[in-house]
Amino acid sequence: MTKMHRQSLVAYGQPLCETVVETTAPSGGEVLVRVERCGVCHSDLHMQDGYFALGGDKRLDVTAGRTLPFTLGHEIAGVIEAAGDAAEGAVVGRRVAVYPWIGCGGCVACLAGEENLCSAHRHLGIAADGGFATHVLVPHARYLLDYAPLSPAFAGPLMCSGLTAYSALKRLSARPERGPALLVGLGGVGMMGLAIARALFHAPPIVADIDADKRKAAVAAGAAEAYDPSDPQTRKAVMAATGGLLAVCDFVGSEKSLQFSTGVLARGGKVVVTGLLGGMFSMAAAMFAIKAMTIEGTLTGTLAEAREVLDLARAGKIAPIPTRERPLAQAQAALDDLRAGRVVGRTVLSV
Ligand SMILES: [Zn+2]
Ligand SMILES: [Zn+2]
């Protein structure tokens, strides 16, 4: 068997380091994919920390059920290198994006096609070894999606940041037909959200981010207007310009972002939250009814939605977001830059 090189999590809160093991020969329906590109996602930082910040001193521990060394990375595009004898359609050499949100297959969520919400999941890079490596083992060929004519550096991130943004935008339902959507937070998911919103909605969305460079990148990518939510005058300015908004996606998920997102809603408005930054959010309970407000959370997306967003991109309807490629050996440096807020768009590791 060939050797497999990985940038592994060997201890929580510590830098990744290289480990080398033998690749596992796929058996039954399994498929071994040689990784070409793997995107670096904000949630990789939380996995490396071993917890999510819940606000105050509270933390959600996410170290359970994972043995170290462990391989992060869930935005994978690669080439089928080997397949078990029962892996139908897994032709060696086929180039595929890997749907990473793999469930147990037997629970209520999985049976409804929502493997991303499975409570006994095997999500790649979260509960099973992921793509910061030369190879990844995928349990079934149905998670492998053709991505031609896209580049692997675009196809990989579509499986998390693209899918998350797509699923969130869909949950706004018909509201974006009645006024512009607002996208809060222009990291990798937010920028992908902007590109997808340009494909799905007739009016270009407005955006908000505290970082001037990110606002500039968003305007260059077609945002109608870009606001700085840290400016205390911004809420009033948004209300004056729009009369209040019906459709908001919060790609940050912090106290401040949720205060801003709910603060600019019109009656009947909805905020879809995908961000996981952390902190506590409180709101006057009566405002739910007074504003006929909806706040809904979403976590990545289903396999069916992954196909939909990939089809949209393959049809040329989603403009690629700014992407920086770095070699796999720079995985830790890429995580450090992401943590420090130095990344515009997406970073993709080249394997
Ligand atoms: Zn992700
Ligand atoms: Zn399940």
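The first residue of the sequence shown is numbered 1, and numbering continues consecutively from there. Please read all numbers here as calculations on a predicted model, not as lab measurements. As the structure lists them, so they are numbered: ligands from 1, and atoms in each ligand from 1.
Rounded to 10°, the angle formed at the Zn ion (ligand 1) by C160 SG and H74 NE2 is 110°. Rounding to 10 degrees, one finds that the Zn ion (ligand 2) sits at the corner of an angle of 100° between C104 SG and C118 SG.
Taking a cutoff of 4.0 Å between a charged side-chain nitrogen and a carboxylate oxygen, D209 and K214 do not qualify as a salt bridge. A salt bridge is absent between R6 and E18: the closest approach of a Lys/Arg side-chain nitrogen to an acidic carboxylate oxygen does not fall below 4.0 angstrom. By the 4.0 Å N-to-carboxylate-O rule, R307 lies too far from D146 to be salt-bridged with it.
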Query raised in the report: Should E115 and R122 be marked as a salt bridge (Lys or Arg N to Asp or Glu O under 4.0 Å) after you check the CA-CA gap, both sets of side-chain angles, and the distance that decides it?
Result: CA-CA 9 Å; E115 293 187 60; R122 303 293 302 150; over 6 Å; no
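Taking backbone and side-chain atoms together, C107 has an N/O/S atom less than 2.8 Å away from the Zn ion (ligand 2). Not one N, O or S atom of H42 sits under 2.8 Å from the Zn ion (ligand 1).
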